Amino acid sequence: MSRIENQFTVQFWGVRGSIPCPGPNTVRYGGNTPCVEMQVAGKRLIFDGGTGLHVLGQSLLRQMPIEAHLFFTHSHWDHMQGFPFFVPGFVKGNDFHIYGAIAPDGSTVEQRLNDQMLHPNFPVPLQIMQANLQFHDVEPGKPIHLHEITIETAPLNHPGEAVGYRVNWRGGAAVYITDTEHFPDKLDENVLQLARNADILIYDSTYTDEEYHSPTSPKIGWGHSTWQEAVKLAKAANVKTLVIYHHDPAHDDNFLDQVGAQAFAKFSGAIMAREGMVLQVPVSVPLSESFRVSNFLG
């Protein structure tokens, strides 16, 4: 049993929402749109395909052939715009299982990925990809099983709908909840259920409460939440680490520094998502495998 087969890691490749925002004022947190990679029990799970997926793809070129499971929360552009530029998808011998819920208009994730690569919007079609692409429809509320890994799913409160994911393995849990809007008078039961006692909760905190309720430009109904609501949820769900995620492109590094300090003051487990950040999820390793790992390490 290798070390990687006994690890549960979470790495951030894209942490912004809406549009990429590269530049001198977003260097420390990053400007790529959503993409989070989890390596669990030797398997690679990827959540969302924003421009961060392109960066991840470049790093994977040194590790081919690749097998991975790619989960989409929904198909708004910032969550799928990196897929046509995911180089490993064009390489024969790679295998990708692609998951997404059926949209309100009845289209599958395969149809939506196909449509964004049609003329006149893109020069080459989805079919030019030489990797083995297998598409799977997600039914929000029903779990997905990958051997020992259980991935719980739930619908989120977002225009056009979205799906939240919770990855469970050997007592550890990491939760990916982005593009969801909190309710004004209660916590979202679907979100609470996914987040319960999680080791890591990655949560859509696009706005501050002040921005959300702005008298001149309110964000109510836009499908996103605030860092204050994230803290409230993390406390209620008994979360260990809260990752403030899906940063507004208008929030520069200095602004996010302030959000991070304020969030930490309210909840000591709060941290800010940064591109390249890697987190470890603690897991229980059976005694027999612990013995084999110790022998492997010499």
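Computation of the quantities below employed the complete heavy-atom set of this structure, encompassing side-chain atoms and omitting hydrogens, waters and symmetry-equivalent molecules. From a predicted model like this one, the values you see are computed outputs, not experimental measurements.
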(request) State, without any angle test, whether E275 and W13 hold a side-chain donor-acceptor pair at a distance under 3.5 Å. (result) no
(request) Supply the members, apart from V259, of the Ile/Leu/Val/Met/Phe/Trp/Tyr cluster built from side-chain contacts under 4.5 Å; use none for a lone residue. (result) Y29, L156, V175, I177, L187, V191, L192, L194, L201, Y203, W227, V231, L233, V239, L242, I244, F255, L256, F267, M272
(message) In the structure I gave you, are the side-chain heavy atoms of Y245 and V36 within less than 4.5 Å of one another anywhere?
(response) yes
(request) Please tell me if the side chains of L56 and H54 come closer than 4.5 Å, counting only heavy atoms from C-beta onward. (result) no
(message) Within the 3.5 Å criterion, strictly below it, is a donor on D209 or T226 matched to an acceptor on the partner's side chain?
(response) yes
(request) Answer yes or no: is there a side-chain heavy-atom contact under 4.5 Å between V55 and N32? (result) yes
(request) Please examine the side chains of R274 and H247, heavy atoms only from C-beta on, and report whether any two atoms are closer than 4.5 Å. (result) no
(message) Ignoring hydrogens and geometry beyond distance, is a side-chain donor-acceptor pair present between D78 and S18 at under 3.5 Å?
(response) no
(request) Find out whether N157 and F183 are in side-chain contact, i.e. whether some heavy atom of one side chain is under 4.5 Å from a heavy atom of the other. (result) yes
(request) Look up atom CG in D185 and atom NE2 in H182, then write down how far apart they are to the nearest 0.5 Å. (result) 10.5 Å
(request) Check step by step if side-chain contact (heavy atoms from CB on, under 4.5 Å) holds for M80 and V109. (result) CA-CA 10 Å; M80 62 188 295; V109 67; over 6 Å; no
(request) Look at the side-chain heavy atoms of Ile, Leu, Val, Met, Phe, Trp and Tyr, link any pair under 4.5 Å apart, and say whether I19 and F12 land in one connected group. (result) no
(request) Treating Ile, Leu, Val, Met, Phe, Trp and Tyr as nodes and any side-chain heavy-atom pair under 4.5 angstrom as an edge, say whether V91 and L113 lie in one connected cluster. (result) yes
(request) Evaluate side-chain contact (heavy atoms from CB on, under 4.5 Å) for F8 paired with R170, printing each intermediate quantity in order. (result) CA-CA 9 Å; F8 187 165; R170 293 188 177 175; over 6 Å; no
(request) Taking all heavy atoms of P22 and all of P20, pick out the closest pair and write down the distance. (result) CD-C, 3.5 Å
(request) Look at the rings of H74 and H79 and say which category their plane angle falls in: under 30° parallel, 30 to 60° tilted, over 60° perpendicular. (result) tilted
(request) Identify the heavy atoms of N121 and Q116 that sit nearest to each other, and give their distance. (result) CB-O, 4.1 Å
(message) Let's go through F135 and T108 carefully: what are the C-alpha distance in whole Å and the side-chain angles of both, what is the deciding distance for side-chain contact (heavy atoms from CB on, under 4.5 Å) to 0.1 Å, and is it a yes or a no?
(response) CA-CA 9 Å; F135 294 90; T108 65; over 6 Å; no
(message) Can you tell me if F90 has over 12 outside heavy atoms packed within less than 6.0 Å of its CZ?
(response) yes
(request) Consider only side-chain N and O atoms of Q280 and D199, and report whether a donor and an acceptor are under 3.5 Å apart. (result) no
(message) Once you measure the plane-to-plane angle for Y207 and H224, does it fall in the parallel (<30°), tilted (30-60°) or perpendicular (>60°) bin?
(response) perpendicular
(message) Grouping I, L, V, M, F, W and Y whenever their side-chain heavy atoms are under 4.5 Å apart, do L53 and W77 come out in a common cluster?
(response) no
(message) Pairing donors with acceptors under 3.5 angstrom, does anything connect the side chains of T33 and Q81?
(response) yes
(message) ring pair (Phe, Tyr, Trp, His ring centres under 6.0 Å) for F122 and F85? Distances and angles first, verdict last.
(response) CA-CA 11 Å; F122 200 73; F85 302 94; 5.4 Å; yes
(message) Under a 4.0 Å threshold between the charged nitrogen and the carboxylate oxygen, would R16 count as salt-bridged to D248?
(response) no
(request) Taking all non-hydrogen atoms of both residues into account, name the closest pair between E181 and G223 and its distance. (result) OE1-N, 2.8 Å
(message) Just so I know, are the side chains of E37 and L45 near enough to count as touching, which here means a heavy-atom distance under 4.5 Å?
(response) no
(message) To the nearest 0.5 Å, what is the distance between CZ on F86 and SG on C35?
(response) 8.0 Å
(message) Nearest 0.5 Å, please: how far is OH in Y99 from CD1 in I144?
(response) 6.5 Å
(request) Heavy atoms only: give me the nearest P249-C21 pair and the separation to one decimal. (result) CA-SG, 3.9 Å
(message) Within the structure provided, determine whether V10 and V281 are in side-chain contact (heavy-atom separation under 4.5 Å).
(response) yes
(request) Would you check if the side chain of S225 reaches a backbone N or O of T180 as a donor-acceptor pair within less than 3.5 Å? (result) no
(message) Checking side-chain polar atoms at under 3.5 Å, does R112 have a donor or acceptor matched by the opposite partner on N114?
(response) no
(message) Under the rule for ring pair (Phe, Tyr, Trp, His ring centres under 6.0 Å), what residues qualify as partners of Y165, not counting sequence neighbours?
(response) F47, F71
(request) Check A131 against P88 and note the closest heavy-atom contact, atom names and distance. (result) CB-O, 3.8 Å
(request) Could you check R166 against T153 for side-chain contact (heavy atoms from CB on, under 4.5 Å), going step by step and ending with a plain yes or no? (result) CA-CA 7 Å; R166 175 190 173 104; T153 66; over 6 Å; no
(message) Which heavy atom of G141 sits nearest to which heavy atom of P155, and what is that distance?
(response) N-CD, 4.4 Å
(request) Give, for atom CG of N25 and atom CG of D253, the distance between the pair rounded to the nearest 0.5 Å. (result) 7.0 Å
(message) Salt bridge check, E210 against K219: does any charged N sit closer than 4.0 Å to a carboxylate O?
(response) no
(message) Does any part of the side chain of N168, heavy atoms only, come nearer than 4.5 Å to the side chain of E152, both counted from C-beta?
(response) yes
(request) Supply the atom-to-atom distance H145 NE2 to T150 OG1, rounded to the nearest 0.5 angstrom. (result) 5.0 Å
(message) Within the 3.5 Å criterion, strictly below it, is a donor on Q134 or D95 matched to an acceptor on the partner's side chain?
(response) no
(request) Say whether, by atom type as modelled, one donor and one acceptor occur between the side chain of D105 and the main chain of S107 under 3.5 angstrom. (result) yes
(request) Salt-bridge test for E67 and R44: reply yes if a basic N is under 4.0 Å from a carboxylate O, no otherwise. (result) no
(request) For D204 and D179, indicate whether the former's side chain and the latter's backbone hold a donor-acceptor pair under 3.5 Å. (result) yes
(message) Whether the H158 and H76 side chains hold a donor-acceptor pair (N or O, under 3.5 Å, no angle test) is what I'd like checked.
(response) yes
(message) What's the separation between atom CD1 in I102 and atom CG in D137, rounded to the nearest 0.5 Å?
(response) 4.0 Å
(request) Could you point out which residue of I149, I151, L146, I46 forms a side-chain contact (heavy atoms from CB on, under 4.5 Å) with H69? (result) L146
(message) For residues V167 and L70: do they belong to one hydrophobic cluster (side chain heavy atoms under 4.5 Å, members Ile, Leu, Val, Met, Phe, Trp, Tyr)?
(response) no
(message) For K232, is the NZ atom crowded, meaning more than 12 foreign heavy atoms sit under 6.0 Å from it?
(response) no
(message) If you count every heavy atom of other residues, nucleotides or ligands that lies below 6.0 Å from E139 atom CD, does the total exceed 12?
(response) no
(message) With a 4.5 Å cut-off on side-chain heavy-atom distances among I, L, V, M, F, W and Y, is there a chain of contacts connecting M277 to V27?
(response) no
